[in-house]
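Okay, structure first, notes after.
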Number of protein chains: 4
Amino acid sequence: MTDLPISAELIAESNARELAALEDDYASLGRKLERTGIDIEAIKSRIASFSVAVPSWGAGRGGTRFAKFPIPGEPTSIHEKLEDCAVIQQLSRVTPRVSPHFPWDKVSDYRGLREEAASLGLSFDAVNSNTFQDQANQAHSYATGSLSSTIEATRMQAIEHNIECIEIGRQLGSKELTVWVGDGTNFPGQQDLARSLDRYLEAAAEVYTALPEDWRMLLEHKMFEPAFYSTVISDWGSSILAAQELGPKAKCLVDLGHHAPNVNIEQIVARLHRFGKLGGFHFNDSKYGDDDLDSGSINPHQLFLVFNELIEAELNPREGFNPSYMIDQSHNVTDPIESMLSSAEAITQCFAKALLVDREALHFAQEANDTMMAFQALRRAYNTDVAPIVSQARLEAGGAVDVLRTYRESRYRSRKSQERKAVGLGAGIV
Amino acid sequence: MTDLPISAELIAESNARELAALEDDYASLGRKLERTGIDIEAIKSRIASFSVAVPSWGAGRGGTRFAKFPIPGEPTSIHEKLEDCAVIQQLSRVTPRVSPHFPWDKVSDYRGLREEAASLGLSFDAVNSNTFQDQANQAHSYATGSLSSTIEATRMQAIEHNIECIEIGRQLGSKELTVWVGDGTNFPGQQDLARSLDRYLEAAAEVYTALPEDWRMLLEHKMFEPAFYSTVISDWGSSILAAQELGPKAKCLVDLGHHAPNVNIEQIVARLHRFGKLGGFHFNDSKYGDDDLDSGSINPHQLFLVFNELIEAELNPREGFNPSYMIDQSHNVTDPIESMLSSAEAITQCFAKALLVDREALHFAQEANDTMMAFQALRRAYNTDVAPIVSQARLEAGGAVDVLRTYRESRYRSRKSQERKAVGLGAGIV
Amino acid sequence: MTDLPISAELIAESNARELAALEDDYASLGRKLERTGIDIEAIKSRIASFSVAVPSWGAGRGGTRFAKFPIPGEPTSIHEKLEDCAVIQQLSRVTPRVSPHFPWDKVSDYRGLREEAASLGLSFDAVNSNTFQDQANQAHSYATGSLSSTIEATRMQAIEHNIECIEIGRQLGSKELTVWVGDGTNFPGQQDLARSLDRYLEAAAEVYTALPEDWRMLLEHKMFEPAFYSTVISDWGSSILAAQELGPKAKCLVDLGHHAPNVNIEQIVARLHRFGKLGGFHFNDSKYGDDDLDSGSINPHQLFLVFNELIEAELNPREGFNPSYMIDQSHNVTDPIESMLSSAEAITQCFAKALLVDREALHFAQEANDTMMAFQALRRAYNTDVAPIVSQARLEAGGAVDVLRTYRESRYRSRKSQERKAVGLGAGIV
Amino acid sequence: MTDLPISAELIAESNARELAALEDDYASLGRKLERTGIDIEAIKSRIASFSVAVPSWGAGRGGTRFAKFPIPGEPTSIHEKLEDCAVIQQLSRVTPRVSPHFPWDKVSDYRGLREEAASLGLSFDAVNSNTFQDQANQAHSYATGSLSSTIEATRMQAIEHNIECIEIGRQLGSKELTVWVGDGTNFPGQQDLARSLDRYLEAAAEVYTALPEDWRMLLEHKMFEPAFYSTVISDWGSSILAAQELGPKAKCLVDLGHHAPNVNIEQIVARLHRFGKLGGFHFNDSKYGDDDLDSGSINPHQLFLVFNELIEAELNPREGFNPSYMIDQSHNVTDPIESMLSSAEAITQCFAKALLVDREALHFAQEANDTMMAFQALRRAYNTDVAPIVSQARLEAGGAVDVLRTYRESRYRSRKSQERKAVGLGAGIV
């Protein structure tokens, strides 16, 4: 893999400076865990097989409707984005897959793109369709909806775009189509709330029909934005009912920022699993709405509780339990590579903490209604500093012990700012 | 019906003073509606057949966990509560049914109670079970749950109580059982989120089995309170999936204050109807949580939009569409009779406004994506002052034109404060 | 005023078709009000002196970070925007002032622009500065803040821009500077929460110093967006404390969509007035966040309650009570002219309803703790259909009785779509 | 101190079993911290001087308006509550003060009560007045308000009660009066929003005047409950403006559950400090409203961020910075002693984590707008497992290393359930 963007020597040198400390911390944590009957090597082994996809669009700076502030060296093509994703994977060793978005990532040769990715140590994850924006020379506007549009030609165009995404995905080696539509309204009365869903379901069924046998269709709900009064697939209730109607290959995708205030997201995870429809996650964090902040930066405990449900789900599998994990963030104020490195680590740490929960003690306390001990079973795991295990697993996989410091030492972004063309001013996400 | 609590003469005198104004307003509104092709008599006729139940417990002052402030003349038995409900029905003529709550309303002779109600012009609506409180001499506590308890004996007790409620309801002439459980947790980890639902579903199925053929079981979800971390049936998604599992007689009940902040409740109504599970409503209003404020007092426009969906649903019926309407409020700072009189009027007015929507114009604009005209179709109806139609319908049905003034003139509460025993200090809802 | 964009004949013809109905409705309402001791002519006279400014940028379609969907005939310069605002004023007769935004509305000759506006029947309202976006060729980026930036040169640039806005405003005849900064953070720790405010206050004081004696500086707070973890002036508490530090010319501006969920905005209005700092409003509506929906479209009752507080404030004036009213909406799915026509009417109607409140009855009931009658005093006014008064006042001022129909009959937008250049695809607000 | 409720031998035995593990963990953490230049002994020394008060009422089970589920052995008098608080202090060594509530904790001999507390190793913290409930034989009801009541006699009674609380507090050795009023409304129009505040301010000034020179008056705001439309002191803005009007001895108290959804509480802490009015905290946690859950149980990261602001405030002191810390929770589903032991530990751990933040690195990154490194400075500290330092400090102070296990081994509650009278069924908080 001679194409990797960061020099192996630099990683090795960076790691060398961390080894003594890591060894001490790992050994200390090992003794601590051993006292409670946990084998740190077994945990490390589980972590070594964990991974989360990164979104191609996440490699660029995001923005709001007010402004986007680009940084020098930002990627402006799928090729540059793949290169940045390769940096993230090379250092973190938990992000081997990239999720593309079309038409943003359109190229003429998808088999070539797949090889390009492979040479960077990457493969492709779920394909994302885009019917929330109009593209230049597009026949029909999505101004008033896409899959749920009142206009048949618009619905057909949206269906065809999704089917094209599936076709591209086949060439890229993907097995999933993620469908998020911004369809909705800004005024009471603007659309018939019932008929909009009927149209959506009918159109989504056309896409579903085009899905290969071994594919899944992930439905992503969102409470609001871009629509500010109603959204067709606004909550997990709408999402799961739609997935039920579509069929067994349709599953629900949970984005952590797409819910009403105060909602208990980990219970939604448990509910979706209970009814056989948990498809996957878009990881990020939020304080107010779909803020798309770095995973775990605002409420790391919630992220831990989500993983706690996932471990429970794994122990009580329903048919087809195989959730997809992806980071989906808008990096408005940081270097996107740094944010994804930091987020991948935060996500992996929450997974590691969930693995540490003494489930026997937890279940015993739950059955006995010993509330305090049930809570403490979770809290003990959450309070554990799992950085040594996660770092050790990364080291053994060839990554960097201190991902951020190693990245900065590589001066990757500075080099790219010399090579790449500048991004203009504007607003929005692309 | 010589038992009615308010003298017919007093009502007649009170009405006499309003007649001239009402006649003028009704005629003016009739001309205005006629100009848009609406026959005011047809609207009045629809209103004349509208009704909403009142809850027996709503006749007493409610309270918070901090305090309850009783008023002189409050009812302290189901007999006194029925008398108060009779006042509401006598004046408003839209609340002919009372929804009882057990064990609060337990008596030794239910056939006698039914006759007592009939003599007051009342019949019984949905029966409410209570497994969120412990009663003196109860074998098993609901401290850690009821239908979802980890303790089999507790679940059995809760099932049996619900079945007893059905049995009582049969004697009272009811056809519905409303099941709300406060089951949930205050700590992450306290209960297994998946197994709790399984236990709930299993226990609820036992109750469902005991339901007579022509009965319905209404599942009421609630986001939080009394549980503050998770609630077993916390949202409409959980509710509808539970109703699907239970069977066709299980439907979902929407309480307007039981949702997450900002949630689009009217869309939930449309979704429940779309999937054949809209069972009924608990009308009230809220600004923060389950505030149980007077219907329409905070957001009357939302109440109108809910009725707009109900009219749409009626025009596009699904199997079994027959929603039950009930007021469910906590009257902490008003005379409960006044609040229910005012609320019944507010609810009826929203129903009337929804009837006035020019649906042809609305649907045409929706299909044409003429957002502004679709919105205006609703807004024109909402802006109409429908008081004359509602008052006229009430007058013709034998009620009072000005319900609040007539009630005050009756000095009913003052008389009851002489007759009835005082309520002690305390907190909470009963 | 021969420059007005809509032909007077067309307005007259349109009005002619409405006159009989309006006359009947106005007379009916007059009789109804007279029965409660209200003189409809006095109310009409108050309405005749009411006005609300429109924002220049509101004349174009708005968008979200995901997309903007332009319409044919959208304005692309301040000159075209003024023309559109003239249509709104010509038909509604309540929007005689336009609020400009710089640098968006920059021209070389401001006195000429002022004359241009005057020839269209318009003058200029509060000037808005913009330090939340970077402009091409700008020396210092606002990527990490403007008035609160850690970088002195950036703060100086932001101060100078605000002072330039004052200078432009002087030439335009404005008397107010509205300052909204998007400054804030997306990560815990990103900035020092205390020092950020200190820097903001120091920089704002520089702007304040440059304010002419008879000007006011309106501070606009906002909970979130574009910053998603913290915002320097995030709530009314921060806003009023800043205004106190700056001095008597500094006041607080309330945008109806800039608050936390569930917040009682009308009480904030009362609080700001109580402490002498109520400066003005940005009217719009919201369901979720800063949705910038049409005023009163989601929660018209809240808008009425705000006006109720304004009438109370007027009756209990504090020094300097003189609130500025402006519409501030993002018209993502409608013709902006139609939205502003409809919104101006909704705002005026809420003002009219607040005028109808029987304040003697209200205050008497409040003092007597007669909760129900206090509530009914507001509710009676709110339920009144005030369209006839507002339409009659508009007719007498030379406007259109049915503003939307008249606008459509004018085919103004269609004509402009022939004349004006098309707007490209993109995202965001400009 | 022979009166302490838990045997010293039992504590010693329990600790003996933990010593080896603690020693290893403490040494490991010491090495880890040393590598980043932090002296673990210095941190331990800071922790040793940290303390937080417990509320007398927190020793009993709390409840909701729906129900309260008592546990055997609950305290029913201030004497029993003190004994339970002594257990908490004996084991945790960070809760040496008890905050009393009147009239709940009324006794005939306060000097005797103070001695009783002292013999249990306790002293008294802020005195809490209660004007949100009516007491038997109370002359005037608080049904329609207390300090803000429209009724002068009611206001006078509320003022006198507060002054009596000060007098009791003097005898108990307290230096603070905490004033929380539930005053507010359930209906728009119910009270005049401006005059209510005027009355509150006037009455509070009377209380303020009675305050001894070295006392402080802590104003506690709350968004809603028991009032569900408006609350007189609903937010920090109202609270700080009231405190400004009252004078320098008036400060603001922050309860973590009394805010609107999504609000950034740590920024409020920074704001209150910036304007010299940060008085103290009521620690608890919440997911939905004023849930009064165990501190840090829902969002431990937020609790850490609050302490981070407190450390910053300490480094940048304003006049009179001396915040009071108290736990204020409703223990509905746990043994209150266990919850307060667990909460005191969670609070102390957040304080410890905030001490570990590398402030030089943080401030450098903040000034340089190096967002990622500023965030990481906080995150590194948050991720550290500080249990060894907190446990070691507790051990050295004479407490239990594992507070919950030691408490359970003591069988304290079981013994009390033999001795104490049972609590009856009911609802609410007392």
Interface moiety of B/Phe69 toward chain D, non-hydrogen atoms closer than 4.5 Å
side chain

Any side-chain heavy-atom pair of D/Val333 and B/Gln190 under 4.5 Å:
yes

Between B/Phe66 and D/Phe132, what is the ring plane arrangement, given parallel below 30°, perpendicular above 60°, and tilted in between?
perpendicular

Report yes if the side chains of D/Thr334 and B/Phe187 come closer than 4.5 Å at any heavy-atom pair, otherwise no.
yes

Mind checking whether B/Asp292 and D/Arg65 have side chains closer than 4.5 Å, heavy atoms only?
yes

So do the side chains of D/Lys287 and B/Asn186 get within less than 4.5 Å of each other, counting heavy atoms only?
no

Between D/Asp134 and B/Lys68, does at least one N-O distance fall below 4.0 Å, as a salt bridge requires?
no

What is the distance from atom OG1 of B/Thr185 to atom CG of D/Asn332, rounded to the nearest 0.5 Å?
12.0 Å

More than 12 foreign heavy atoms under 6.0 Å from CD of B/Gln135: is that the case here?
yes

Rounded to the nearest 0.5 Å, how far does CZ of D/Phe228 lie from CG of B/Asp290?
8.5 Å

Quick one: what part of D/Pro226 sits under 4.5 Å from any heavy atom of chain B, side chain, backbone, both or neither?
both

With heavy-atom distances below 4.5 Å as the criterion, would you say the side chains of D/Ile298 and B/Pro188 are in contact?
yes

Taking C-beta and beyond as the side chain, do D/Met223 and B/Tyr288 meet within less than 4.5 Å on heavy atoms?
yes

Gap separating the OH atom of B/Tyr229 from the OG atom of D/Ser297, nearest 0.5 angstrom:
9.5 Å

The reported gap from CD1 in B/Ile71 to OG in D/Ser141 (rounded to nearest 0.5 angstrom) is 12.0 Å

Given heavy-atom pairs under 4.5 angstrom as the criterion, report whether the side chain, backbone, both or neither of D/Asn262 touches chain B.
neither

